[in-house]
Structure formats: structure tokens, C-alpha cells
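Remarks on the structure that follows.
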Amino acid sequence: MRPTPIKKDRGGRLYEVEGITMKAIVSTGYGPPEVLQLQEVEKPKVKDNEVSVKIVVTTVTRADGMMRTGKPYFARLFLGFTKPRNSIPGGGFAGRVDAVGREVTQFKVGDKVFGETAMAVGANAEYVAVPADGLIEKTPEAMTDEQAAAMCDGPVTAMNFLKELAKIQPGQSVLINGASGSVGSAAVQLAKHFGASVTGVCSAANVDLVKSLGAERVIDYGQEDFTASVRNYDIIFDTVGTSSFSRCKGALKKGGVFISPVLGIPLLFQMLWTLVIGDKKAKFSATGLLPVPKRRVLLNGLVPLFEAGTMKTLIDRRYPLGEVPEAHRYVDRGRKKGNVIITMEAADNAAN
Ligand SMILES: NC(=O)c1ccc[n+]([C@@H]2O[C@H](COP(=O)([O-])OP(=O)(O)OC[C@H]3O[C@@H](n4cnc5c(N)ncnc54)[C@H](OP(=O)(O)O)[C@@H]3O)[C@@H](O)[C@H]2O)c1
């Protein structure tokens with residue numbers, strides 16, 4: 001096919017003669033970070049019920065790594081068999097509305113917004129088009145784009161697990177394993193906010209960081225095995241899946257709950273088993289697959305905490321769009337502290 005000629009407008013932006021183009025990361029297949037390439041592609045056309053967002057900040061998360069590799073393989077049932085059905089990766093975004101569809105009344109051009117595209121991905125790009133009734137919200141004045149873009153990963157997941165699954169209560173004793181990660185760092189702050197006594201687990205290098213998030217006690221997993229303690233915790237939140245319900249059972253108090261966002265076959269069976277047998281429960285949820293209204297409730301419960309400064313987003317590293325493969329390499333190591341973000345235009349961000 002003959003390539004569409006490209007022109008430049010007065011601001012230097014590239015336009016196709018037949019359609020506007022944008023820079024985006026494109027997945028050329030399943031595999032290592034090299035499958036991700038910066039390309040000039042057609043800007044998504046905004047449908048009648050959609051909002052087009054000019055992205056200021058987007059994210060690279062552990063879920064993005066899973067979607068890039070297409071592993072576990074059963075995920076390809078949803079993602080596409082031989083290569084990702086949606087070729088532009090990235091879920092979290094914050095930016096400005098640059099166009100709205102004819103049916104959209106909730107947003108107008110120029111609104112500062114944030115949200116998550118979930119399985120539709122597409123946010124590692126200059127623009128993304130999202131349904132106006134999807135997970136997209138106006139960004140509160142007190143929140144920066146960096147904070148907002150990372151909200152829908154760790155914080156929303158932590159809220160879902162602690163509040164909805166574990167029904168956290170003031171005065172409970174809560175252990176967070178992987179306390180320096182995206183989910184873990186949000187979970188420590190949230191559990192503290194809910195009035196729990198929080199123990200964080202991380203490596204020696206992150207002990208001070210986890211203390212600064214509000215953990216009363218921090219266990220260096222190189223020195224101590226938290227699963228060896230006896231009837232200590234009402235909730236064990238293994239955010240990184242390095243333990244298991246079987247190993248943690250003895251450390252849970254009577255009626256205690258083990259929650260983990262990392263699903264494996266054993267956890268699946270333990271969940272089903274403990275639904276009917278035993279007073280200690282194992283629970284899992286796929287937060288990104290919850291219906292939008294449920295995720296919006298979780299998000300709306302968090303926004304005031306960020307506005308008030310009760311919670312903060314940990315940003316570990318920032319990369320430009322062209323370095324998304326490098327960001328994936330870093331996230332794949334499983335050692336990030338909080339979140340990794342992609343910043344589109346440093347100038348836009350500084351202006352916030
Ligand atoms: N089900 C859901 O709804 C859902 C939603 C979001 C994420 N997830 C999943 O949840 C998992 C965690 O995501 P995340 O973004 O929070 O991960 P992450 O940010 O990559 O976690 C990194 C952290 O894990 C810590 N860590 C590494 N090995 C550890 C160990 N043996 N013991 C304790 N901590 C250890 C590291 O701390 P040190 O450097 O100190 O070791 C690092 O700070 C991922 O598998 C992700 O796919 C699921």
C-alpha cells in the first residue's frame with residue numbers, strides 16, 4: 001500500500017493528508033521489550049461517545065509486562081492469540097481533553113483528566129480515545145499529572161483488596177509483603193489510614209522508605225521470615241506473591257484473611273476451598289477487570305486522600321515515550337519502588 005504523505009503544521013506537529021498522525025509505542029508481537037517500537041501511527045478518531053485525551057503522563061506497570069509477553073498463555077484468550085489485538089500498550093494516563101464526541105456532555109476540550117484504559121490499553125501514545133463513561137475523571141487541582149496517572153494501578157488495587165476483599169477495620173494488625181512496590185506502597189499508606197497497625201516487608205535497602213510511608217514495623221525479608229510468626233496478623237496482603245496462603249496460615253489470627261493480587265493455580269484452589277472450609281480465608285480479585293462503576297467508587301474513595309496529602313504516589317523512574325522498552329526492562333526486574341511513568345512533555349508537567 002502506498003504510504004500516506006505526511007505534512008507538518010505551523011507548530012511542527014505531523015499531519016497525514018488523510019488523517020492526523022501521532023507518535024505511539026507499537027507492540028510488533030509478543031516477546032522481550034524489543035518488540036515495542038516507537039512509530040508514527042494514525043491518531044485514534046474520536047467516536048460519538050468518546051473523549052480524546054492528549055497525554056501528559058502515562059505508565060508502565062507489571063500488567064503491561066504481562067501483556068507484552070502474552071504470559072501466562074491463557075491471557076492470550078483475551079489479548080490475542082499470536083500478537084496483541086490492541087497494538088498500543090499502556091493503561092494509566094493523565095492529560096488534557098483535546099476533542100469530544102457528539103454525545104459527550106461530561107467533558108469539554110481543555111479539561112484536565114486522568115484514568116485507565118484497562119484491557120483496551122493504548123495509552124503509551126501522544127493521544128488516546130476513551131469512552132466518556134469509562135474510567136476517566138477530571139483531575140482535582142491539588143493533584144499533579146504524575147500522581148493522577150499512577151492512581152489506577154497500585155492505589156486502586158490496594159483499595160480493592162484491603163477494603164472490599166479483606167474488609168479492613170481500625171485496630172487490626174496488617175502485614176504488607178512487597179511494601180515498597182506500586183501496590184505495596186499504596187497498601188501501607190491505606191492500611192495506616194484505615195487505622196490498622198501496619199508491618200511492611202521489603203529488602204534492607206527499602207526499610208527506611210517503608211517506615212516513611214507509615215509502617216510501624218518493617219521486616220527485612222533477608223533477615224526474617226514473616227511467615228514463621230504465630231497468629232500475629234488479621235490480614236496478610238502479599239502484594240508480590242512471594243509467599244502463599246499455606247505458608248502464611250500459621251501467621252494469621254483466627255478469622256484472618258490472606259489476600260494477593262498474584263493469581264496462581266494454588267491460590268485459585270485455596271480461594272475456593274476456604275470459601276466453604278476453615279475460618280481463615282484466601283482471596284484474589286482482578287481489579288482491572290471489575291466493572292467501571294466499581295472501579296470508579298474505589299478511585300473516588302482515594303482521590304480525597306491524595307488531595308489531603310494523606311497518601312502520596314511514589315515515583316521511582318521517569319522515561320520519555322521513546323524509552324518505553326527501557327522502562328519495561330526496569331519494571332520486569334520486579335524491584336521498582338512504587339511506580340514507573342512515561343512523561344510526554346516535560347514543559348506541560350512543570351506547568352502543573
Ligand atoms: N490482581 C490485581 O488486581 C492486580 C493489580 C495490580 C497489580 N497486580 C500484580 O501485583 C503484583 C505486584 O505489582 P506491583 O506493581 O506492586 O509490583 P512491583 O512494584 O514491581 O513490586 C516491586 C517491589 O517488590 C519488592 N519485592 C521483590 N521481591 C520481594 C520479596 N521476595 N519479598 C518482598 N518484597 C519483594 C521489591 O522490593 P525490594 O527491592 O525491597 O525487594 C520492589 O519494591 C504484580 O504481579 C502485578 O501484576 C495485580
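One-based numbering, in listed order, for ligands and for the atoms of each.
At a 4.0 Å heavy-atom cut-off, ligand 1 touches Asn206 through the side chain alone. The part of Ala286 lying near ligand 1 is the backbone, judged by heavy-atom distances below 4.0 Å. Counting heavy atoms under 4.0 Å from ligand 1, residue Asn160 does not touch it at all. When non-hydrogen atoms are compared, ligand 1 lies under 4.0 Å from the backbone of Thr287 as well as from its side chain. In Ser285, the part holding a heavy atom less than 4.0 Å from any atom of ligand 1 is the backbone.
Among the atoms of Val331, none of the N or O lies under 3.5 angstrom from an N or O of ligand 1. Taking any N or O of Phe161, backbone or side chain, none lies under 3.5 Å from an N or O belonging to ligand 1. Backbone and side-chain nitrogen or oxygen atoms of Lys337 are examined, and none is located within less than 3.5 angstrom of a nitrogen or oxygen of ligand 1.
Of all protein heavy atoms, the one lying nearest to atom 9 (C) of ligand 1 is Pro261 O, 4.1 Å. Scanning all protein heavy atoms for the shortest distance to atom 42 (C) of ligand 1 gives Lys336 O, 3.2 Å. Atom 37 (O) of ligand 1 has its closest protein heavy atom at Ser180 OG, 3.0 Å. In this structure, the protein non-hydrogen atom closest to atom 47 (O) of ligand 1 is Arg62 CB, 3.6 Å. What sits closest to atom 35 (C) of ligand 1 on the protein, heavy atoms only, is Tyr221 CE2, 3.7 Å. For atom 7 (C) of ligand 1, the nearest protein heavy atom (residue, atom name, distance) is Val183 CG2, 3.9 Å. Among all non-hydrogen protein atoms, the one lying nearest atom 33 (C) of ligand 1 is Asn177 OD1, 3.2 Å.
None of Lys192, Arg217, Glu216 except one satisfies the side chain to side chain donor-acceptor pair (under 3.5 Å) rule with Ser197; the exception is Glu216. Paired with Phe237 under the rule ring pair (Phe, Tyr, Trp, His ring centres under 6.0 Å), one option of Phe226, Phe161, Phe284, Phe258 passes, and it is Phe161.
Ile88 has its side chain within reach of Val41: a pair of non-hydrogen atoms, C-beta onward, lies under 4.5 Å apart. Looking at Pro155 and Leu190, their side chains never come closer than 4.5 Å, going by heavy atoms from C-beta outward. The side-chain heavy atoms of Leu135 and Arg296, taken from C-beta on, include a pair separated by under 4.5 Å. Using a 4.5 Å heavy-atom threshold, the side chains of Phe245 and Asp238 count as separate. Side-chain atoms of Thr157 and Thr239, non-hydrogen and from C-beta on, never get closer than 4.5 Å to each other.
Between the side chains of Asn177 and Thr242, a donor-acceptor pair is found at a separation under 3.5 Å. For the residue pair Asp153/Thr61, the side-chain donor-acceptor check at 3.5 Å is not satisfied.
Atoms of ligand 1 lying under 4.0 Å from any heavy atom of Gly178, numbered from 1 in the order shown and given with element: 33 (C), 34 (N). Distances below 4.0 Å separate heavy atoms of Thr239 from the following atoms of ligand 1: 10 (O), 11 (C), 12 (C). Here is the list of ligand 1 atoms found below 4.0 Å of a heavy atom in Gly181: 16 (O), 19 (O), 21 (O), 22 (C), 23 (C), 43 (O). Interface atoms of ligand 1 facing Cys202, defined by a heavy-atom separation under 4.0 Å, are 40 (O). For ligand 1, the atoms closer than 4.0 angstrom to any heavy atom of Asp153 are 6 (C). When each atom of ligand 1 is checked for a heavy atom of Thr242 under 4.0 Å away, the hits are 30 (C), 31 (N), 32 (N). Under a 4.0 Å criterion applied to the non-hydrogen atoms of Thr157, ligand 1 contributes the atoms 3 (O), 4 (C), 5 (C), 6 (C).
Relative ring orientation between Tyr319 and Tyr330 is described as tilted, the plane-to-plane angle lying within the 30° to 60° band.
When the heavy atoms of Gly154, Gly334, Gly338 are ranked by distance to atom 27 (C) of ligand 1, first place goes to Gly334.
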### Message
Please determine whether side chain to side chain donor-acceptor pair (under 3.5 Å) holds for the pair Thr313 and Glu146, giving the CA-CA distance in whole Å, both sets of side-chain angles, and the decisive distance to 0.1 Å.
### Response
CA-CA 8 Å; Thr313 310; Glu146 291 197 348; over 6 Å; no

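For NZ of Lys211, the number of neighbouring non-hydrogen atoms (other residues, nucleotides, ligands) closer than 6.0 Å is 12 at most. Other residues, nucleotides and ligands place more than 12 heavy atoms under 6.0 Å from the NZ atom of Lys138.
One distance of note links OG1 of Thr199 with CD1 of Ile235; it measures 12.0 Å at 0.5 Å rounding.
Not a single heavy atom of Thr61 lies less than 4.0 angstrom from ligand 1.
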